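Notes follow the structure.
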Amino acid sequence: MKEAFRDWRDESNAQVKLEIWEDVQAIWNVDETHKHYVLGKAGIALNKFLYRLTKRVRNGCVDHPPKLYADLIDQDEWDEFVARVTTTFFCATNRERALQADCPSRILRKGYAKLEQKILLETKSEEVSLPRHTLYRKARLDKTGNTNNEKAREKISQIVGLI
């Protein structure tokens, strides 16, 4: 993995992004107004690719790059990648980031807007929006209406007590 591909948003990737955009335009008839969208999808694909490789390393495949990508990743790049994703700093940083969300939302990719729409449809409400505290609470409950996260339970009870 090239150093530049650690973060797709990095400005050092401008040339690569330009080449990707030119390749896309050579194959498909895509208007310039869709460039941001197309390159965003390329960034998502890169993140998924790096995630799959990291998962592979954590499952014990550390000797050589996957056969499918052997022509794209040379052995030195692979060794550097393996060293980076197996360092305690890398793992600790990701663990710390996950722990910072002391009251994680359970809505995943749905997002608050779609959660709000779902609640309004289910309740057949004539309201156009819901109070933020309602969405916050609903986003932290499981399908049975409970939460197993003690911090989330505390915050929800604080919010309900303030109303």
Side-chain angles (χ1 to χ4, degrees), residues 1-28 30-118 132 135-156:
M1 292 346 87
K2 302 271 188 245
E3 181 75 25
F5 292 120
R6 288 188 184 177
D7 187 356
W8 179 250
R9 299 164 295 189
D10 190 355
E11 290 300 318
S12 63
N13 293 329
Q15 183 59 36
V16 173
K17 290 178 184 180
L18 179 64
E19 290 175 19
I20 290 171
W21 176 243
E22 288 172 353
D23 288 346
V24 167
Q25 285 187 312
I27 297 170
W28 293 287
V30 182
D31 188 57
E32 188 75 24
T33 58
H34 300 294
K35 181 178 181 179
H36 181 74
Y37 174 81
V38 170
L39 293 179
K41 290 296 184 182
I44 291 169
L46 174 66
N47 287 339
K48 286 181 181 179
F49 173 72
L50 294 175
Y51 170 78
R52 283 193 303 270
L53 288 181
T54 301
K55 194 172 174 182
R56 187 178 188 98
V57 167
R58 295 214 172 120
N59 287 334
C61 302
V62 294
D63 297 334
H64 51 79
K67 291 178 184 174
L68 184 62
Y69 307 115
D71 59 330
L72 299 173
I73 307 169
D74 64 30
Q75 190 62 41
D76 292 337
E77 289 175 330
W78 179 253
D79 293 340
E80 180 186 325
F81 177 75
V82 169
R84 185 172 61 85
V85 299
T86 56
T87 63
T88 55
F89 174 76
F90 182 84
C91 299
T93 303
N94 287 339
R95 194 175 311 111
E96 181 182 318
R97 191 177 301 140
L99 291 174
Q100 285 176 353
D102 59 348
C103 296
S105 166
R106 299 179 61 98
I107 54 177
L108 302 174
R109 298 177 88 185
K110 181 186 291 182
Y112 283 98
K114 288 185 180 175
L115 175 64
E116 184 176 43
Q117 288 175 349
K118 179 183 174 196
R132 288 175 56 194
L135 291 173
Y136 181 88
R137 183 179 160 277
K138 287 284 193 179
R140 278 144 187 86
L141 300 177
D142 62 15
K143 291 179 182 178
T144 63
N146 299 314
T147 181
N148 59 358
N149 184 315
E150 187 60 37
K151 289 183 181 181
R153 210 177 352 254
E154 289 173 16
K155 284 195 177 191
I156 290 169

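If you're wondering where the values come from, they're calculated on a predicted model, not measured in any experiment.
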Considering non-hydrogen atoms only, spot the tightest contact between [X] and [Y] and give its length.
| X | Y | answer |
| --- | --- | --- |
| T144 | D142 | OG1-OD1, 2.7 Å |
| I156 | Y136 | CG1-CE2, 4.4 Å |
| W78 | I73 | N-CG2, 3.8 Å |

Backbone N or O of [Y] within a donor-acceptor pair of the [X] side chain at under 3.5 Å?
| X | Y | answer |
| --- | --- | --- |
| Q25 | E22 | no |
| N149 | A152 | yes |
| D74 | E77 | yes |
| R140 | T147 | no |

Could you give the distance from [atom1] ([X]) to [atom2] ([Y]), rounded to the nearest 0.5 Å?
| X | Y | atom1 | atom2 | value |
| --- | --- | --- | --- | --- |
| R84 | D79 | CZ | CG | 13.5 Å |
| Y69 | H64 | OH | NE2 | 15.0 Å |
| K41 | H34 | NZ | NE2 | 13.5 Å |
| R132 | E116 | CZ | CD | 11.5 Å |

Checklist line | E150/R153 ion pair, N-O < 4.0 Å | finding: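 Looking at E150 and R153, the cut-off is met.
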Can you tell if the side chain of [X] reaches within under 4.5 Å of the side chain of [Y], non-hydrogen atoms only?
| X | Y | answer |
| --- | --- | --- |
| L53 | P66 | yes |
| K48 | I44 | yes |
| V38 | V30 | yes |
| K138 | Y112 | no |

Notebook entry, point to check: What residues, two or more places apart in sequence or in another chain, satisfy side-chain contact (heavy atoms from CB on, under 4.5 Å) together with Q117?
Noted result: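 By the side-chain contact (heavy atoms from CB on, under 4.5 Å) rule, Q117 matches K114.
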Note to self: So, using side-chain contact (heavy atoms from CB on, under 4.5 Å) as the criterion, who are the partners of T33 when residues are at least two apart?
What the structure shows: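 With sequence neighbours excluded, T33 shows a side-chain contact (heavy atoms from CB on, under 4.5 Å) to D31, given in chain and number order.
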Notebook entry, point to check: Does E11 CD have over 12 foreign heavy atoms under 6.0 Å away?
Noted result: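 Atom CD in E11 is not crowded, with 12 or fewer foreign heavy atoms closer than 6.0 Å.
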Check: Run the side chain to side chain contact (heavy atoms under 4.5 Å, CB included) check on E80 and D76 step by step: do they pass?
Finding: CA-CA 6 Å; E80 180 186 325; D76 292 337; over 6 Å; no
Next item on the list: Could you walk me through whether L135 and L115 pass the side chain to side chain contact (heavy atoms under 4.5 Å, CB included) test, one step at a time?
Entry: CA-CA 7 Å; L135 291 173; L115 175 64; 4.2 Å; yes
